[in-house]
Amino acid sequence: MKLTQNHPYHLVDQSPWPLLGSLSVFSFMMGLIKWFHFHESNLLLFSTFTNLLIMFQWWRDIVRESTFQGHHTLKVTLGLRWGMILFIISEIFFFFAFFWAFFHASLAPSIELGLNWPPKGIKPFNPLEIPLLNTLILLSSGLTITWAHHSIMENDYNQSLQGLSLTVLLGFYFTILQGFEYLEAPFTIADSVYGSTFFMTTGLHGLHVIIGSTFLFVCLIRLFYNHFSSTHHFGFEAAAWYWHFVDVVWLFLYISIYWWGS
């Protein structure tokens with residue numbers, strides 16, 4: 001007996017991935033604690049592997065539902081758009097809290113900091129070296145992802161593939177440079193409120209760059225297999241929105257923490 005659907009919504013099938021994913025993330029956090037306190041990384045490595053496995057299979061199912069089974073109708077896509085918009089707004093407030101902490105400490109430095117900002121004994125980064133290069137890299141990636149987006153809307157496969165490939169490369173290049181910057185840092189996260197706010201804010205942004213680069217890399221694989229059309233490419237569009245958000249946060253971060261804060 002064939003069942004027909006008389007509404008435009010997608011009622012998802014039962015899936016093991018939400019439950020298994022939550023258990024795997026819980027194991028990952030326990031693995032982090034075990035690594036921090038006992039210097040044993042076996043649970044952390046195992047849960048990282050299970051996380052990646054579950055992510056791959058969950059995303060595979062969503063790609064099947066949207067691209068091959070046609071469940072992502074206009075009504076469903078509209079809901080996904082609003083979900084992504086609200087998620088990005090929540091991320092804006094998340095970063096707002098860390099910028100608040102930075103400006104609270106820097107605009108009126110306490111006597112424990114020597115009434116100075118940066119505090120006495122802290123040698124900040126030169127904003128005209130790696131931070132400026134990273135700024136140029138992220139701004140360039142904003143241009144290349146816009147190029148890829150317009151190429152997808154014009155059904156230009158080769159141009160979209162080139163633009164998205166460049167964006168992914170620039171994203172990973174940014175991460176490599178930030179990792180090098182952390183290795184060469186003359187201060188640590190334990191060096192007063194300056195070190196705490198610097199590494200928390202730039203580190204969380206770096207984590208968002210890694211997430212965004214992964215998001216775009218998955219879109220690049222899907223683009224290679226012709227999963228996107230000029231009218232049906234919200235997966236890519238969500239990744240582009242997220243990447244532009246990461247760009248804008250970095251501009252605020254560079255101006256306030258690297259340039260003004262130094």
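Counting heavy atoms from C-beta on, the side chains of Leu139 and Leu251 come closer than 4.5 Å. Within the 4.5 Å cutoff, the side chain of Ser141 has heavy atoms near those of the Asp247 side chain. Leu220 is listed as a side-chain neighbour of Leu161, based on a closest heavy-atom distance under 4.5 Å. Looking at Phe125 and Glu181, their side chains come closer than 4.5 Å, going by heavy atoms from C-beta outward. Inter-residue side-chain proximity for Leu32 and Trp35 is flagged as met; some heavy-atom pair is nearer than 4.5 Å. At least one side-chain heavy atom of Trp58 sits less than 4.5 Å from a side-chain heavy atom of Ile62. You'll find the side chain of Tyr194 reaches within 4.5 Å of the side chain of Pro124, heavy atoms only.
The aromatic ring centroids of Trp117 and Phe102 lie less than 6.0 Å from each other. Remark: aromatic rings of Tyr258 and Trp250 are close, center separation under 6.0 Å.
Side-chain N or O atoms of Tyr157 include one that pairs as donor or acceptor with a backbone N or O of Phe224 at under 3.5 Å. Using modelled atom types, no side-chain atom of Glu91 and backbone atom of Phe87 make a donor-acceptor pair closer than 3.5 Å. Using a distance-only test at 3.5 Å, with no hydrogens or angles considered, no donor-acceptor pair links the side chain of Ser196 to the main chain of Val193. A donor-acceptor pair under 3.5 Å is formed between the side chain of Asp191 and the backbone N or O of Thr188. Judged by distance alone, with hydrogens and angles left aside, the side-chain atoms of Thr144 form no donor-acceptor pair with the main-chain N or O of Leu166 at under 3.5 Å. Side chain of Thr175 to backbone of Ile210: no donor-acceptor contact under 3.5 angstrom is found.
If you chain together hydrophobic residues whose side chains sit under 4.5 Å apart, Phe99 and Ile92 fall into the same group. No single ILVMFWY cluster, assembled from side-chain heavy atoms under 4.5 Å apart, contains both Val218 and Val168. In the hydrophobic clustering of this structure, Met84 groups with Phe94; members are Ile, Leu, Val, Met, Phe, Trp, Tyr whose side-chain heavy atoms approach within less than 4.5 Å, directly or through other members. Residues Leu177 and Leu128 fall within the same hydrophobic cluster, defined by Ile, Leu, Val, Met, Phe, Trp and Tyr side chains chained together at heavy-atom separations under 4.5 Å. Ile88 is connected to Trp82 through a chain of hydrophobic side-chain contacts under 4.5 Å among Ile, Leu, Val, Met, Phe, Trp and Tyr, so both are in one cluster.
Listed here is the closest heavy atom pair of His232 and Ser66: CE1-O, 3.6 Å. Pairing each heavy atom of Pro109 with each of Asn116, the nearest pair is CB-O, 3.4 Å. Closest approach of Ile137 to Leu170, counting heavy atoms only: CG2-O, 3.3 Å. Of all heavy-atom pairs between Ser192 and Pro119, the closest is OG-CG, 3.6 Å. Trp147 and Gly163 get closest at one heavy-atom pair: CE3-CA, 3.5 Å. The two residues Gly235 and Arg222 come nearest to each other via the heavy atoms CA-NH1, 4.4 Å.
More than 12 heavy atoms of other shown residues, nucleotides or ligands fall within 6.0 angstrom of atom CH2 in Trp241. Counting heavy-atom neighbours within 6.0 Å of Trp260 CH2, excluding the residue itself, gives a total above 12. More than 12 heavy atoms of other residues, nucleotides or ligands sit less than 6.0 Å from atom CD1 of Ile221. Heavy-atom contacts from other residues, nucleotides or ligands closer than 6.0 Å to CZ of Phe103 number more than 12. Enclosure of atom CZ in Phe252 is not indicated, since only 12 or fewer non-hydrogen atoms of other residues, nucleotides or ligands lie within 6.0 angstrom. Within 6.0 Å of atom CE in Met30, more than 12 heavy atoms from other residues, nucleotides or ligands are found, so the atom counts as buried in its surroundings. The number of heavy atoms from other shown groups lying within 6.0 Å of OH (Tyr173) does not exceed 12.
Put simply, the residue from His149, His150, His227 that forms a ring pair (Phe, Tyr, Trp, His ring centres under 6.0 Å) with His233 is His149. With Leu164 as the partner, the side-chain contact (heavy atoms from CB on, under 4.5 Å) test is satisfied by one option alone out of Leu169, Leu223, Ile152: Leu223.
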Check the pair Leu80, His72 against side chain to side chain contact (heavy atoms under 4.5 Å, CB included), reporting the backbone distance first and the verdict last. CA-CA 9 Å; Leu80 292 172; His72 285 194; 3.7 Å; yes

Using atom types as modelled, flag every donor-acceptor pair under 3.5 Å from a side chain in residues 198-207 to any protein atom, sequence neighbours excluded.
| unit_1 | atom_1 | unit_2 | atom_2 | d |
| --- | --- | --- | --- | --- |
| Thr201 | OG1 | Thr197 | O | 2.7 |
| Thr202 | OG1 | Tyr182 | OH | 2.6 |
| Thr202 | OG1 | Phe198 | O | 2.6 |
| His205 | NE2 | Val246 | O | 3.0 |

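Separation of atoms CG (Leu86) and OG (Ser90) is listed at 8.0 Å; rounding is to 0.5 Å. Between atom OG1 of residue Thr146 and atom CH2 of residue Trp243 there is a gap of 12.5 Å, rounded to the nearest 0.5 Å. Taking CD of Gln69 as the reference point, atom CG of Asp13 lies at 7.5 Å (rounded to 0.5 Å). Going from atom CZ of Phe174 over to atom CD1 of Ile130 covers 10.5 Å, rounded to the nearest 0.5 Å. Interatomic distance, Glu40 CD to Lys34 NZ, rounded to the nearest 0.5 Å: 4.5 Å. The OG atom of Ser151 sits 12.0 Å away from the CD1 atom of Ile145 when rounded to the nearest 0.5 Å.
Side-chain contact, Thr50 with Ser24: a donor N or O sits under 3.5 Å from an acceptor N or O.
The aromatic rings of Phe96 and Phe93 stand perpendicular to each other, their planes meeting at an angle above 60°, with 30° marking the opposite boundary.
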